[in-house]
There are 2 protein chains.
Amino acid sequence: MSKTKNHTTEEIILEAAKKIFQKKGLDGARMQEIADKAGINKSMLHYYYRSKQMLFEAVFNNAFSLLAPQLNTVLNDDSSIEDKIKNFTKDYITFIIKHPYLPSFIIHELNRNPEFINKMKEQIGFPNIDKFKNQVALEVENGTIKPIDAQQLFINIMALNIFPFIASPLIQGIIGLDKKSFKQLIEDRKTQVADFIINAIKN
Amino acid sequence: MSKTKNHTTEEIILEAAKKIFQKKGLDGARMQEIADKAGINKSMLHYYYRSKQMLFEAVFNNAFSLLAPQLNTVLNDDSSIEDKIKNFTKDYITFIIKHPYLPSFIIHELNRNPEFINKMKEQIGFPNIDKFKNQVALEVENGTIKPIDAQQLFINIMALNIFPFIASPLIQGIIGLDKKSFKQLIEDRKTQVADFIINAIKN
DNA sequence: CGTTAGTTTAACCATACGGTTGACAAATAT
DNA sequence: ATATTTGTCAACCGTATGGTTAAACTAACG
């Protein structure tokens with residue numbers, strides 16, 4: 001926060017905290033563990049971030065600001081609904097493969113602390129559904145897609161894309177797949193999910 | 001486990017533990033808090049369940065044995081795919097309204113402890129996808145539904161039904177709904193989700 | 001080369017937490 | 001009636017945990 005290069009330590013801490021918090025959650029994470037992962041003394045965590053809660057919030061904001069733009073491609077982009085669905089599905093899955101703990105982290109912590117979302121709303125870039133609502137209404141009117149509520153459609157798009165990552169242990173257990181086959185299944189979804197949604201709504 | 005009426009205390013503890021664990025997770029829950037909610041001394045928890053871990057596992061098994069039969073209606077029922085989807089969607093949403101913390105609880109703890117699923121697999125009634133696979137293959141062959149992989153279809157059904165409950169704070173934040181409107185939105189899904197899926201796969 | 005401001009560490013501290021113990025009451029068996 | 005087992009509690013224990021402190025180190029600058 002102060003001068004020139006706050007790189008190094010402060011960022012190393014954030015990076016280590018990200019890994020630990022996203023894997024173990026606020027409650028499961030230990031300050032000592034974060035310090036160890038960062039290869040520094042525990043006092044440094046407090047020196048740069050004051051408290052566990054504040055360090056956590058830094059991580060959470062950081063994570064949310066990665067996720068939000070992804071959702072905004074569905075909500076605010078200028079392409080047609082069909083293109084949006086195709087692009088989002090492909091991009092989001094690619095994105096999440098790089099950040100596997102991110103969605104379950106955000107969703108779990110939001111469940112434990114629902115008022116968090118209010119703080120997020122203030123920030124610029126927070127996903128807003130208004131434009132998408134208009135677009136759906138328009139495309140329903142001119143007959144490109146079947147009548148559907150924009151909110152429900154948005155939930156469905158999120159659900160089909162995000163859920164498999166959040167529930168992967170459960171899914172792998174039930175379907176009986178090893179890591180590799182599951183990875184392939186997810187890879188297939190890059191196109192399958194889009195087709196599924198488009199079949200569901202196209203006229 | 002021992003004699004006749006192990007009601008009262010042992011069950012009171014389980015009930016209290018359920019509430020606390022499902023709301024706060026294994027890491028976030030405190031033994032004292034569970035004891036307080038049960039209105040008894042903390043020693044009783046250890047007297048009946050030995051350790052926090054074991055009490056937690058009792059709660060987890062209990063929760064999972066509620067969820068499993070729900071999933072089995074999709075997998076093992078004798079009705080057509082279309083009927084299964086309609087029934088599951090309606091029943092599952094009704095079910096979850098009664099147990100709102102259940103899906104996020106199971107999914108979060110399974111993420112923190114993926115090997116848990118292996119213990120679950122041993123238990124009778126653990127969901128198995130084999131029958132469903134055959135059924136989908138058959139209905140694809142005779143042309144009732146479009147070609148689709150049974151695994152992907154199963155994931156999609158779960159995703160569309162379960163996700164809205166897991167991610168409800170996020171969804172409510174983005175869509176900008178109060179509790180009441182969100183409840184209505186969920187109510188609408190009892191039929192909308194089934195229609196959506198059937199549109200997507202029906203020939 | 002001494003001063004100063006920022007950075008890092010080891011040693012501490014207070015408390016919270018899971019778990020144990022021993023005394024005692026209530027129920028059950030003899 | 002009395003011994004024995006089972007259930008319940010208050011007090012206690014050892015350790016883990018988030019957080020603090022004071023001293024040492026480093027680098028910039030006069």
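Below, read A as the first sequence line, B as the second, and so on, with proteins coming before strands; counting in each chain starts at 1.
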**Study point:** Phosphate-side-chain proximity, Arg30(A) and dG18(D), N/O vs OP1/OP2 below 4.0 Å
**Key:** yes
Exercise for review: Return the value, rounded to whole Å, for the distance between atom CD1 of Ile13(B) and atom C1' of dG18(C).
Suggested key: 15 Å
**Study point:** Nearest-Å distance for atom pair CD1/P, residues Ile12(A) and dT7(C)
**Key:** 13 Å
Point to revise | Distance, rounded to the nearest Å, where Tyr48(A) contributes OH and dT20(D) contributes P | key: 17 Å
Point to revise | dT9(C) OP1/OP2 closer than 4.0 Å to side-chain N/O of Tyr47(A) | key: no
Exercise for review: Remember a base hit wins even if backbone is also touched, and classify Met44(A) as base, sugar-phosphate or nothing at under 4.0 Å, heavy atoms.
Suggested key: base
Review point. What integer distance in Å separates His46(B):NE2 from dA10(D):C1'?
Key: 15 Å
Check your understanding: For Glu139(A), does its backbone N or O pair with a side-chain atom of Thr144(A) as donor and acceptor, under 3.5 Å?
Key -> yes
Check your understanding: Looking at Ser51(A), does any N or O in its side chain come under 4.0 Å of the phosphate oxygens OP1/OP2 on dG18(D)?
Key -> no
Exercise for review: Start with the C-alpha distance between Asn76(A) and Asn72(A), add both sets of side-chain angles, then the distance that settles side chain to side chain donor-acceptor pair (under 3.5 Å), and finish with yes or no.
Suggested key: CA-CA 5 Å; Asn76(A) 295 332; Asn72(A) 276 326; 3.2 Å; yes
Practice item. Output yes when at least one side-chain N/O atom of Ser43(A) is less than 4.0 Å from OP1 or OP2 of dT20(D), else no. Key: no
Check your understanding: Does the base of dG19(C) carry an N or O that pairs as donor and acceptor with the side chain of Lys52(B) under 3.5 Å?
Key -> no
Practice item. For Ile20(A) and dG18(D), give me the distance from atom CD1 to atom C1', rounded to whole Å. Key: 16 Å
Review point. Just how far, in rounded Å, is P of dA11(D) from NZ of Lys42(B)?
Key: 13 Å
Exercise for review: Verify the distance criterion only: is there a donor paired with an acceptor across the side chains of Asn61(B) and Glu57(B) at less than 3.5 Å?
Suggested key: no
Check your understanding: Reckon Ala35(B) touches a base, only the sugar-phosphate, or nothing at all at heavy-atom distances under 4.0 Å?
Key -> nothing
Practice item. Mind calculating the distance between CD (Gln53(A)) and C1' (dT17(D)) to the nearest angstrom? Key: 15 Å
Exercise for review: Compare every heavy atom of Phe60(B) with every heavy atom of Glu109(B), then report the nearest pair and how far apart it is.
Suggested key: CB-CE1, 3.9 Å
Revision key, fill the gap. Per atom distances to the Met31(A) side chain, the nearest of dG18(D), dT20(C), dT8(C) is dG18(D)
Revision key, fill the gap. In whole angstroms, the gap separating P of dG18(D) from CG of Asn41(A) amounts to 14 Å
Check your understanding: For Asp36(B) and Gln32(B), does a side-chain donor sit closer than 3.5 Å to a side-chain acceptor?
Key -> yes
